[in-house]
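Sequential numbering from 1 along the given sequence is applied to the chain's residues.
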Amino acid sequence: MSAPLLPARAVEMQKQGMTTAQIAKHLGVSISQVSGWWKLMGYDPVAYHAPEIAAALAAGVSISRAVTSVGLT
């Protein structure tokens, strides 16, 4: 995979529910590199997953489980 595609791939992987650590390991980079790419891409994983987290909380799921289920740990 070419380097310019990695930031976009990191965003897509997180949107699918992977954690920062899982993405970093899969792409062979550091966790801070993944976070940097998200900033570069203007991606905020909390904002992206907020509706899904809110729906889970409204359904009675614990906040820990709601956040973990979308890769935010």
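Note: Leu27 CG to Met13 CE = 4.5 Å, rounded to the nearest 0.5 Å. Note that CD1 of Ile23 is 11.5 Å distant from CG of Leu6, once rounded to the nearest 0.5 Å. For the atom pair Met18 CE and Lys25 NZ, the distance stands at 10.0 Å (nearest 0.5 Å). To the nearest 0.5 angstrom, Tyr43 atom OH is 6.0 Å from Lys15 atom NZ. Atoms OG and CD, on Ser69 and Glu52 in that order, are 5.5 Å from each other to the nearest 0.5 Å. Note: Leu5 CG to Glu12 CD = 12.0 Å, rounded to the nearest 0.5 Å.
Of all heavy-atom pairs spanning Ala66 and Ala56, the tightest one is CB-CB, 3.8 Å. The heavy-atom pair separating Thr19 from Gln22 by the smallest distance is N-OE1, 2.8 Å. Shown here for Leu72 and Pro45, the closest heavy-atom pair between the two residues is CD2-CB, 3.6 Å.
Between Val11 and Tyr48 the shortest side-chain heavy-atom distance does not fall below 4.5 Å. The side-chain heavy atoms of Val67 and Thr73, taken from C-beta on, include no pair separated by under 4.5 Å.
Hydrophobic clustering (ILVMFWY, side-chain heavy atoms < 4.5 Å, transitive): Ile53 and Val61 are in distinct clusters. If you chain together hydrophobic residues whose side chains sit under 4.5 Å apart, Trp38 and Met41 fall into the same group.
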- Task: Dump the intermediate steps for side-chain hydrogen bond (donor to acceptor under 3.5 Å, both in side chains) on Ser62 and Ser64, then the final yes or no.
- Result: CA-CA 5 Å; Ser62 72; Ser64 175; 4.9 Å; no
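Side-chain atoms of Gln14 do not come within 3.5 Å of backbone N or O of Val34 as any donor-acceptor pair.
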